[in-house]
Structures are given as structure tokens and as C-alpha cells.
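Here is the structure we will look at, set down as C-alpha cells.
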Amino acid sequence: MPRFIITGNYTQAAAKGMLTNPSDRGTATGALVEAAGGTMEAYYATTGPTDFIIIASVDDVTNLMSALIVAGASGAASNLQTQRAFTSDELLGMQQKAASMAAAYSPPG
């Protein structure tokens with residue numbers, strides 16, 4: 001199942017909600033990932049340019065993007081960014097495919 005890394009920031013509204021009603025954001029996020037047909041592997045609060053990182057596996061990226069629309073529309077998250085992550089084995093397979101294709105390409109020159 002494809003793995004994705006999602007980062008983002010909490011909004012001012014989310015911070016206010018965390019003050020008045022502290023809640024487990026990992027559980028809430030996991031429920032949304034599951035609604036998208038995926039599995040949340042990890043949720044971390046982070047320092048630096050983003051406030052959180054989510055690692056999730058989802059078969060259909062359109063379902064993941066739909067879930068991110070829900071999160072963004074809620075007003076709780078902003079600056080949502082998604083990256084596809086590949087395992088070392090997947091990268092090895094890509095290298096092997098590239099090696100078999102290399103003779104078919106002529107670079108401009």
C-alpha cells in the first residue's frame with residue numbers, strides 16, 4: 001500500500017480549541033485516515049516549520065486528498081503538504097527498471 005507523509009500547521013482556531021478542550025489529535029487524525037480507506041502509521045507533533053507530521057498508508061491517493069480537503073475545510077489545519085514515500089526496496093526496484101530502460105533513451109546533444 002502506498003505510504004504518504006503529510007505535514008501541516010494548526011490554525012489559531014485549532015490552538016484555541018486545544019486550550020478549551022484538550023484532545024488526542026492522533027486519534028482524531030487516525031479516524032479521518034481510516035475514513036479515507038487508509039491506515040495511520042504514526043502521528044507526531046513537531047517543532048520547526050510545521051506543527052505535525054502524519055505517516056499514512058492509503059491505496060487511493062484521491063481518497064487521501066479528499067480527507068485533506070476535510071481537514072483544511074474544518075479550519076483546524078493549514079499549509080497541508082503531502083509527499084509519497086518509498087521504501088528502500090521500492091527504490092531498488094525503480095533502479096532496476098531504470099537500468100533496463102536506459103538503452104531506449106538518447107539524451108539531447
Thr29 side-chain N/O to Gly26 backbone N/O, donor-acceptor pair under 3.5 Å: no
Starting from Leu80, can I reach Ile69 by hopping between I/L/V/M/F/W/Y residues whose side chains sit under 4.5 Å apart? no
Non-hydrogen atoms of Phe4 and Val58 that approach each other most closely: CE1-O, 3.6 Å
Counting C-beta onward and ignoring hydrogens, is there a side-chain heavy-atom pair between Met40 and Ile54 closer than 4.5 Å? yes
With heavy-atom distances below 4.5 Å as the criterion, would you say the side chains of Leu64 and Ile6 are in contact? yes
Looking only at non-hydrogen atoms, find the nearest pair between Asn63 and Ala36 and report the distance. CB-O, 3.1 Å
What do you reckon, is CD of Gln12 surrounded by more than 12 foreign heavy atoms closer than 6.0 Å? no
Is it the case that more than 12 heavy atoms not belonging to Tyr44 sit under 6.0 Å from its OH atom? no
Hydrophobic clustering (ILVMFWY, side-chain heavy atoms < 4.5 Å, transitive) - are Leu32 and Met65 grouped together? no
Is a side-chain donor or acceptor of Thr50 paired with a backbone partner of Thr46 at a separation under 3.5 angstrom? no
Close side-chain approach of Pro2 and Arg84, heavy atoms under 4.5 Å: yes
Shortest non-hydrogen separation from Asp51 to Asn9 and the atoms involved: OD2-CA, 3.3 Å
Do we see a donor-acceptor contact under 3.5 Å between the side chains of Thr27 and Arg25? no
Do Arg3 and Ile55 have side chains that approach each other closer than 4.5 Å (heavy atoms only, starting at C-beta)? yes
When you look at Ile53 and Ile5, which way does the side-chain contact (heavy atoms from CB on, under 4.5 Å) test go after all the steps? CA-CA 7 Å; Ile53 183 171; Ile5 298 170; 3.6 Å; yes
Between Phe86 and Glu90, the two heavy atoms sitting closest are CA-OE1, 3.1 Å
Evaluate side-chain contact (heavy atoms from CB on, under 4.5 Å) for Ser57 paired with Glu41, printing each intermediate quantity in order. CA-CA 7 Å; Ser57 295; Glu41 297 177 19; 2.3 Å; yes
Does one side chain, of Asp89 or Thr87, offer a donor that lies under 3.5 Å from an acceptor on the other? no
Any heavy-atom pair between the side chains of Gln96 and Met101 that's under 4.5 Å? no
